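What follows is one structure encoded as structure tokens, with my remarks underneath.
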Amino acid sequence: QVQLVESGGGLVQPGGSLRLSCAASGFTFSNAAMSWYRQAPGKERELVAAITSTGGNTKYEDSVKGRFTISRDNAKNTVYLQMNNLKPEDTAVYYCNAKWVGVNRYDYWGQGTQVTVSS
């Protein structure tokens, strides 16, 4: 059974840092492109960062460029999001996503982890 479990969220002051982790199981992790999305109350879910199956390429939403870094460890079936210089506007629930193609297109989500940036 496919599972994505996020961890590492919490309360942090502006300018602080957090490192989110997403532990994956139930599929071939190295075949999947991974990404992080976030959603604030009343807002549309938005793509924050994405990484290819090999980790060779990454993409970021404009507002997080230079502050966030997505990475993956295929040996550990884990994807990370290092978040530095956090701002109040980063407050949201952060979701891990896995996507791959086989006979069908597959798209799975974790339950999310809360990140709150506040003084």
Side-chain angles (χ1 to χ4, degrees):
Q1 185 174 29
V2 171
Q3 285 190 306
L4 300 171
V5 181
E6 301 96 335
S7 62
L11 175 64
V12 65
Q13 295 183 6
S17 297
L18 284 174
R19 182 178 174 86
L20 305 184
S21 298
C22 173
S25 61
F27 64 100
T28 304
F29 182 75
S30 60
N31 286 346
M34 303 297 297
S35 59
W36 289 94
Y37 289 73
R38 67 186 180 188
Q39 187 169 28
K43 304 292 185 180
E44 183 178 341
R45 187 174 297 189
E46 66 175 351
L47 177 66
V48 177
I51 188 167
T52 54
S53 60
T54 64
N57 288 287
T58 58
K59 294 186 182 296
Y60 298 92
E61 196 273 329
D62 286 344
S63 69
V64 309
K65 287 180 180 177
R67 300 189 297 121
F68 290 12
T69 303
I70 188 171
S71 62
R72 66 192 296 158
D73 187 339
N74 283 359
K76 296 182 178 180
N77 288 357
T78 302
V79 63
Y80 305 94
L81 185 67
Q82 179 67 47
M83 305 185 293
N84 298 327
N85 192 23
L86 283 160
K87 304 175 179 180
E89 65 187 14
D90 297 318
T91 296
V93 177
Y94 284 71
Y95 297 91
C96 180
N97 172 264
K99 191 185 307 294
W100 70 94
V101 175
V103 64
N104 299 306
R105 293 175 179 247
Y106 299 90
D107 194 342
Y108 289 91
W109 298 86
Q111 290 186 308
T113 185
Q114 177 71 49
V115 172
T116 302
V117 185
S118 176
S119 299

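Since this is a predicted model, take the numbers as computed values, not measurements.
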### Query
Partners of Asn84 by side-chain hydrogen bond (donor to acceptor under 3.5 Å, both in side chains), sequence neighbours excluded?
Ser17, Gln82
### Query
Are Trp109 and Tyr37 close enough that their ring centres sit under 6.0 Å apart?
yes
### N/O donor-acceptor pair under 3.5 Å between Gln39 side chain and Lys43 backbone
yes
### Query
Any chain of hydrophobic side-chain contacts (each under 4.5 Å) joining Tyr80 to Ile51?
no
### Query
Tell me, which pairs form a disulfide bond (SG atoms under 2.5 Å apart) where one or both residues lie in residues 26-85, sequence neighbours left out?
none
### Summary
Tested for side chain to side chain contact (heavy atoms under 4.5 Å, CB included) against Met34, the lone hit among Asn74, Val79, Thr52, Thr78 is Val79
### Pairs meeting criterion salt bridge (Lys or Arg N to Asp or Glu O under 4.0 Å) with involvement of residues 73-86, two or more places apart
none
### Qualifying salt bridge (Lys or Arg N to Asp or Glu O under 4.0 Å) pairs with a residue from residues 12-33, counting only residues at least two apart or across chains
none
### Message
Is the positively charged end of Arg72 above the ring of Phe29, judged by distance under 6.0 angstrom from the centroid and angle within 45° of the axis?
### Response
yes
Under 3.5 Å, side-chain donor or acceptor atoms of residues 93-103 against the rest of the protein: list the pairs with distances, not counting sequence neighbours.
residue, atom, partner, partner atom, Å
Tyr94, OH, Arg38, NH1, 3.0
Tyr94, OH, Asp90, O, 2.7
Asn97, OD1, Ser35, OG, 3.3
Asn97, ND2, Asp107, OD1, 2.6
Asn97, ND2, Tyr108, O, 3.0
Lys99, NZ, Asp107, OD2, 2.8

### Message
Less than 4.5 Å apart, side chain to side chain, heavy atoms only: is that true for Ser30 and Ser53?
### Response
no
### Query
So do the side chains of Leu86 and Leu18 get within less than 4.5 Å of each other, counting heavy atoms only?
yes
### Query
Trp36 and Val12: same hydrophobic cluster, using ILVMFWY side-chain contacts below 4.5 Å?
yes
### Residue pair Ser118 / Pro88, side-chain heavy-atom distance below 4.5 Å
no
#### Entry: Selection residues 1-15 - residue pairs positive for side chain to side chain donor-acceptor pair (under 3.5 Å), sequence neighbours left out
none
### ILVMFWY network linking Tyr106 to Val2, side-chain heavy atoms under 4.5 angstrom
yes
### Task
Write down the atom of Leu81, the atom of Ala49, and the distance for their closest heavy-atom approach.
CD1-CB, 4.1 Å
### Query
With distance as the sole test, does Tyr60 use its side chain to make a donor-acceptor pair with the main-chain N or O of Ile70 at under 3.5 Å?
yes
### Query
Do the non-hydrogen side-chain atoms of Phe27 and Leu4 ever get within less than 4.5 Å of each other?
yes
### Query
With a 4.5 Å heavy-atom cut-off, do Leu20 and Phe68 have their side chains touching?
no
